[in-house]
2 protein chains.
Amino acid sequence: MSQRRGRFPTREELRIWRDFIETTDALRAAMAARLQNDSGLSTGDYSVLLALSEAPNGRLRSSELAATIGWERSRLSHHLGRMDKRGLIRRENCTGDNRGAEAVLTEEGAAAFHRATVPHLRAIRELFVDGLTPAQVAAAGKLAAALREHLGNGGGPQEIP
Amino acid sequence: MSQRRGRFPTREELRIWRDFIETTDALRAAMAARLQNDSGLSTGDYSVLLALSEAPNGRLRSSELAATIGWERSRLSHHLGRMDKRGLIRRENCTGDNRGAEAVLTEEGAAAFHRATVPHLRAIRELFVDGLTPAQVAAAGKLAAALREHLGNGGGPQEIP
DNA sequence: CGGAAATGATTGACGTGTCAATTATATTCC
DNA sequence: GGAATATAATTGACACGTCAATCATTTCCG
């Protein structure tokens, strides 16, 4: 196994890459479809509502909300616009910093979130957990950690001293 | 470990789910950004060009192309429209079946694909393979297979006889 | 033959994500 | 104090994906 770095992926590695990325994509799509069907929410909606539900008073500053769910600001801004139009959240000015904006959970948003929770948890079990052995679930966690760590380091070319 | 099915995911399973889905998403985004940067192609463009490159005479019927890369037809139709406008492919009528359409690789498309290939393979190695141990790469393959198999079966509630 | 159903592909509407530019307010520092 | 800069958020343009509707052609079959 000499010289693992600085070469192209093998056929097998390539096959696994494609399989992996396509499958996770299909998984995401299936989950999105389930959520949409069960509750009329997109996964984005769910993330936002979850974060707001867990925040004190159901309100968060835009930038903190973005950080919490790991979104870019502009993405969040667009999404909040759509959710506002649907009455799931409300925008308010941020007291103390007139640049800021706060997103506030509405009654309707909270209700939608509560309706979505149980079916969504069930979907996670059915689509993900039930498809794997406990060992594989653990492996998925390890895998995610390793990939995330690597991506965090830029994922770039690895220096070999 | 009694009664694994028919319950909600545990906290740990939920954490892993979120970690897994977010990380694979970040991976996809990173790969898309790399490809875009290196060659001006989207991952969709790359899939289409790859399939056409491997097809005899660089041409494929729309429906076969869709099947090859696993896309819905309407998605492909929209994408081919964009690629056509950029000169990467050309549309021709299908001889023998006037309903059909063929997508044909242009010189420009072939050139763009060739320019993209090496950097893309390098990116797969750097972002994916290099972030994992060989055992983890193999585990990723197994994981994808298990998830895909489960999704293929509907991923629905599991009957317990 | 000829009309109904099936097939191949496109289109339009809409939600979504990214990037670059913009607006408005705060902070910094001379 | 006031110009330069930094920060918070929004906006517009555009690529992308999905769904339902549409259009053209072909196939089926009575």
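In the text below, chain A, chain B and the rest are named by the order of the sequence lines, each starting its count at 1.
Taking side-chain N and O atoms only, A:N98 has no distance below 4.0 Å to OP1 or OP2 of C:dA24. In this model, the phosphate group of D:dA9 is approached by a side-chain N or O of A:S63 to a distance below 4.0 Å at OP1 or OP2. For A:R82 and C:dT16, the shortest distance from a side-chain N or O to OP1 or OP2 is below 4.0 Å. Residue A:R99 has no polar side-chain atom (N or O) positioned under 4.0 Å from OP1 or OP2 of D:dT7.
Taking atom CD1 of residue A:I69 and atom P of nucleotide C:dT16, one finds them 12 Å apart after rounding to whole Å. Protein atom CZ of B:R73 is 15 Å distant from nucleotide atom P of C:dA6, rounded to whole Å. A straight line from CD of A:E92 to P of D:dT10 spans 13 Å, rounded to a whole angstrom. Taking atom CG of A:D97 as the reference point, atom P of D:dA9 lies 7 Å away to the nearest angstrom. Nucleotide C:dT16 holds its C1' atom 12 Å from the CD atom of A:Q36, rounded to whole Å. The CG-P distance, from A:D25 to C:dG17, rounds to 13 Å in whole Å. Whole-Å rounding puts the A:R61 CZ to C:dT25 P distance at 13 Å. Taking atom CZ of residue B:R28 and atom C1' of nucleotide D:dG17, one finds them 13 Å apart after rounding to whole Å.
Projected onto DNA chain D by closest heavy-atom contact, A:A29 and B:K85 fall at different nucleotides, the more 5' of which corresponds to B:K85. Projected onto DNA chain C by closest heavy-atom contact, A:H79 and B:E64 fall at different nucleotides, the more 5' of which corresponds to B:E64.
With hydrogens and angles ignored, a donor-acceptor pair under 3.5 angstrom links the side chain of A:H78 to the base of C:dT18. A donor-acceptor contact under 3.5 Å links the side chain of A:S74 to the base of C:dC19.
Among the atoms of the strands shown, none is found under 4.0 Å from any heavy atom of A:R86. At the heavy-atom level, A:S62 lies under 4.0 Å from the strands shown only through sugar-phosphate atoms.
Annotation: side chain of B:W71 is not in contact with side chain of B:L65 (no heavy-atom distance under 4.5 Å). Within the 4.5 Å cutoff, side-chain heavy atoms of A:R91 are placed close to those of A:L80.
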| Verdict with supporting geometry, B:E13 and B:R7, salt bridge (charged side-chain N to carboxylate O under 4.0 Å, His left out) | CA-CA 12 Å; B:E13 287 165 343; B:R7 54 158 177 72; 3.2 Å; yes
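Note: B:F128 and A:F20 have tilted aromatic rings, judged against thresholds of 30 and 60 degrees for the angle between ring planes.
The residues B:E12 and B:R15 are annotated as salt-bridged, a charged nitrogen and a carboxylate oxygen being separated by less than 4.0 angstrom.
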